[in-house]
Amino acid sequence: MRAISPAADAQIAGAPPLELEELPAGVGPRDSVLRGVFRTTRGRIGAGLALLVVLVAVIGPFVAPHSPTEFVGPPFAKPSSAFPLGTDTLGRDVLSRTLKGGWELLLLGLAGTAAGVLLGATIGVVAAFRGGLLDAVLMRGVDVVLAFPQLVFALLLVSVVGPKLWLVVLAVAVAHAPQVGRVIRSAALDVSERDFISSAELIALPQREIIFSEILPNLTSPLMVETGIRLTYSVIIIAGLSFLGFGLQPPEPNWAVMINENRGGLSANSWAIVAPAFLLALLTIGVNTLTDAIARVSLGVDGRRAATAVVPARPPALEVRE
Amino acid sequence: MSAEARLVVSDLRVVVTGTGADVVDEVAFSLDAGETLGLVGESGSGKTTVALALLGHARRGLTIDSGTVIADGIDLLTLRPKELQGIRGSRVAYVPQDPASALNPALKIGRQLRDVFRKDRSGSKDGDSIDARVENVLAAVRLDEAALSAYPHQLSGGQQQRAAIAMAFALRPGVIVLDEPTTGLDVTTQRHVLSTIRTLCADEGIAAIFVSHDLAVIGELADRVAVMYAGRVSEIGAIAEVFNSPKHPYTVGLLGAVPSTDRAHPLTGMEGEPPRPGERPAGCFFAPRCPFCRPHVCTDDEPPLDLIAGSHSVRCVRVGEIAPRVGAGSEGFATARAAGAAVLTVRDLRASYGAKQVVHGVDLELDDGECLAVVGESGSGKTTLARCIVGLHQRWQGELDWRGQRLVKAARQRTPESLRAVQYVFQNPYGSLNPRKPIRHIVEQPLRRFTDLSRGERGRRAVAALEATALSASFLNRYPGELSGGERQRVAIARALVIEPEVLVCDEITSSLDVSVQAAIVEMLRDLQAERRLALIIITHNLGLVRSIADRVAVMHDGRFVEQARTSQVLDSPQDGYTKRLLADLPHIATATAEPGLPPEAWLTQPGT
Amino acid sequence: MVARRSALGILTLLLASVLVFAATQTLPGNAATAALRNTGSAERVAVLERQLHLNDPAISQYTQWITGLVKGDPGNSLANGEPVDTLVMGRVENSAVLVLLAGSIGALLGAALGVAAAARRGGWFDNTLSVVALTFTALPEFLIALFLVICFATVWLHVLPAVAQIPPGTSPWSNAESLVLPTATLVLMIMPYVFRMTRAAMIEALESDYVEMARLTGMSAPRVLFLYAFPNVIPTVVQVIGLCLLYLAGGIVVVEYVFNYPGVGQQLVAAVTDRDIPVIQFIVMLLAAFYVVVNIGADVLALIATPRRRLPRSG
């Protein structure tokens, strides 16, 4: 629900897409979107930040000097040569915990996003093409799930089963699927009304070929943008859950958990909070900026039609067709 | 050009902000009170840019670089924004092209009209109240008072345009700029709007600039005309001078491309496209497309705009050597064709959209190799009829036969032979090609669907189809986004032709294209028709077009064929009242046409030069 | 029209309640095991199950619950046995104050800045704000909260409380200091979004044909901005505000937790920790109902503000 960027906003709340403010020269109809993205400043910055954090998260566990659960000193000790970021609330090495604290978050975020986008895109495409009763039922279902704030929905599931990791991924996926479904459905309907699809109908091209060969390639741009948005949200939700104590559990290091448990030591050793917070923020900001760049570039490459997977311009849940 | 000219423009230059590439340059003309100047050009000519510059305005991304626009003694281009605000609307006013988007959708018409008056702080000359003035102007444009309390979307296109005209004439400006004000209106409404404009201008002695791509409309309304090409004025003079003895090759080509209801003549299209800002060649801009181009003479330096006679000026260095002959235009061209077997038969077709019936019992018979034009205005049901025939629209009753074989409603359920035989070309070239696929894939699609040909053979046929539509094989690997509108439409036609159909249904395929591009495509269709004995159904609202291509014409109104006969019969001696009215309302253009079949060199007055 | 949407809204709520109930029923573990967790022997679990009617068929359990809800009796808390509605409703006011306060401030500021940025598009003001907005929407709410705490309560300045001091039963206004940081966090969560949406809509309006036309009739710039462009932006802004309220409803969970603010969000977290199913079900349904009402309201307001949809074509 929380939109990421002006162009991506268009996908969510139905405002018209912004025109390009920064399309690099030479990006034309033939260029792949990604190539164009990496020529824009936003694209480079976003990709750079995200990549940086991914590297830290993935390589970190192998270069951490100490075990993340070992008690190496007094709580909230200031940084020293042995422990460059000091110790945390239980006297563990902040640096090691930070280095090891990202990969699970990342992995869960990716898994939740992938599942959610897959589920949502399938729902969207099926609803768009079967139409009729199936479409109505699916959209009602989507409305119902959208009636809950995403975090609350995840909490609901967690409260019954307990903070199991597979459940967290499931909750995130189910929370994302409706929004992705609506966007993709809208984009698919939009595309299927264009003349080149009618042209395929005219020669009675098999339905399957129409969907896969003619329509799907035109959906890659909104799909990419949605995936980017969902990834940012996934990380935010999982971090939020972990922060509240319902996601990844201590004593395993995790950036969100670290932020929560070290709240008391802000004046003593702020690194315990600042380090994981900084990395987490860089990750989400990086993915967000990259997604924004993708949305803007697709507007240009697809001739202003790509990122216009316009969800009906009403808040979700009550899609009364007039 | 008297000393009291209402509007004097000189050396107007508008550039792209940032790069400095010129969009228009060296634009100069003047207008007296009560005079109307037509500004003619195709897309990319810069005519709208000039029109907006006359109000000191430039679209986003453009800057007015230099020049003077003097209206009533004041140079608009030197004014500060606040002063400019004062001038706009009161001394120089503007009528937009698309009233539906030019009127604020959130405010009522009355409110918008009052806003215009409110800005005139000096009050009217007769001391009337605002309400009285509103009433006056409404009466002048013949709009009902009820329009005042309506929102723009609640009015028809004609009413919206009248409201826009009322807003422009409200403060009795000295100069009015009209930017294609009748595009999109049907012929009858267009006639009314044009006569309203003419009356208002004559009554108040207003100098008017009328921008249009439609030469016929300009011919009826304007006293003088300026032809624009690639940002330059290429020819300017009195209407009679320019239309009857055009001197610039572009003007000649343009006039040759305009279809006319009066006589049948082959439309001359011009290959190629105008150069965009930043891509303009060193010499004459038209040289790459000009049949009279001589290297160095024409391509080294840009020709200046020279006065040749009276008020007639031309931008061409070879002007003394070129003189198109005023011809009669042949009557008997290409309308007599050997009758063939009936290829398509329609009996009593009744179609509906939702609850509303839009086609009421249409009968139609198309013979092999014949061209039938279905002419009607928007809402007549002609597109629905076409879609029923090809199987895109399924809510209809009646009988449809192809060579005796009954066709079912849905294309999906028809036999492959019948689908191959009847092909369709869409109106909008920007939506009918998949933007994610190369041209090769698009043109070969019917081959993949209907034949078992090898990849190589498919490729060969695709190239053959493209060449038949005057596109080279180099287009195969391009994407639709790289093509112009005319090129895309040709690809769409190639796609339809590649499986060698018997009938081609063309639904307003040239409505969104420039006149010269339209001419080229129409000529191409005629050639294809002759070569392949292709039967054509041409759906159009442009009655002028049919004389140049159709054997028979069916006039459609409110879902019925009100008249159906040979072209010459319908156009010369119409029987039905609606047809008569349509023909009468159509703007006519009396132009010079060269005799068909004579090569351009025949136009040279001195052979051998 | 309102009636139609209300009916659909009720349908959605009904389906939502089924979903909530199904979630708490079909997943491994049930209310009894959850409540007793590690402390219960098999016998105690069985006793509690019988007490909570957990062995009855699902349908009857559902009907029991839903009729109870509608009648105003959503059962008792498993943690302390008190009636759920008094527990929760006592806190609704606190959360409502947060949501409405943050919603109004965030919406007003965001919209104003959005209009200003659009009017000066491409300038330093616009570019800076856009980048800042892009950054802030990516931040998790607890980071924003902690950032504010660091700035104003613990590390840098010490002017505001890091933890809300609102005794139960008192109105939040009586201790206004405690409201500042939680509200500020929520405002920072939604303001960038409102800013961007308003800016986008405003830019579209300013580039429209009718605004160009207004300029060509000599209308002054401020008039064009406020009387011509802005009215066309209102429907978008209304919908955006609707979405923001919904987003805030979810945001209060983390924010109240961080600041220990006695609202519904904090209660939800506590209930989840305690596996207090009836409380959880009630709060979630409450949020869903809030959602549905806000949706209807936003739809109606947007419709009123768009003459094109409100009135049919006549001419």
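In this text the structure is predicted, and so the values were computed from the model without any measurement. The basis for the numbers below is simple: all heavy atoms, side chains too, and nothing from hydrogens, waters or symmetry mates.
Residue A:Leu151 touches chain C through its side chain alone, counting heavy-atom pairs closer than 4.5 Å. In this structure, chain A has a heavy atom under 4.5 Å from the side chain of C:Leu146, while its backbone stays farther away. With a 4.5 angstrom heavy-atom cutoff, C:Leu11 touches chain A only via side-chain atoms. For C:Val258, the parts lying under 4.5 angstrom from a heavy atom of chain A are both the backbone and the side chain. Heavy-atom distances place both the backbone and the side chain of C:Leu15 under 4.5 Å from chain A.
Rounded to the nearest 0.5 Å, atoms CG (C:Leu139) and CD1 (A:Ile236) are 7.5 Å apart. Distance OG1/C:Thr135 to CG/A:Leu282: 10.5 Å, rounded to 0.5 Å. Annotation: the span from C:Tyr291 atom OH to A:Asp143 atom CG amounts to 7.5 Å, rounded to 0.5 Å.
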>> Please evaluate residues A:Arg42 and C:Leu134 with respect to the criterion side-chain contact (heavy atoms from CB on, under 4.5 Å), reporting the C-alpha separation (whole Å), side-chain torsions for both, the decisive distance (0.1 Å), and the verdict.
In response: CA-CA 11 Å; A:Arg42 274 181 212 227; C:Leu134 190 63; 3.5 Å; yes
>> The test is side-chain contact (heavy atoms from CB on, under 4.5 Å); show your working for A:Thr284 and C:Leu143 and say whether it passes.
In response: CA-CA 11 Å; A:Thr284 51; C:Leu143 280 188; 5.9 Å; no
>> Show, in sequence, the C-alpha distance, side-chain angles and deciding distance for A:Phe246 and C:Thr273, and conclude whether the side-chain contact (heavy atoms from CB on, under 4.5 Å) test is met.
In response: CA-CA 8 Å; A:Phe246 302 121; C:Thr273 318; 3.5 Å; yes
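Closest heavy-atom contact between C:Gly250 and A:Pro149: CA-CB, 3.6 Å. The nearest pair of heavy atoms linking A:Phe148 to C:Ala16 is CZ-CB, 3.6 Å.
Classification of the C:Phe142-A:Phe243 ring pair by plane angle, with boundaries at 30° and 60°, yields parallel.
Within the 4.5 Å cutoff, side-chain heavy atoms of A:Leu244 are placed close to those of C:Val253.
Ranking C:Val254, C:Val131, C:Ile283 against chain A, the residue ahead of the rest is C:Val254, based on heavy-atom pairs under 4.5 Å. Heavy-atom pairs under 4.5 Å with chain C were tallied for A:Val235, A:Ile237, A:Leu280; the largest tally goes to A:Leu280.
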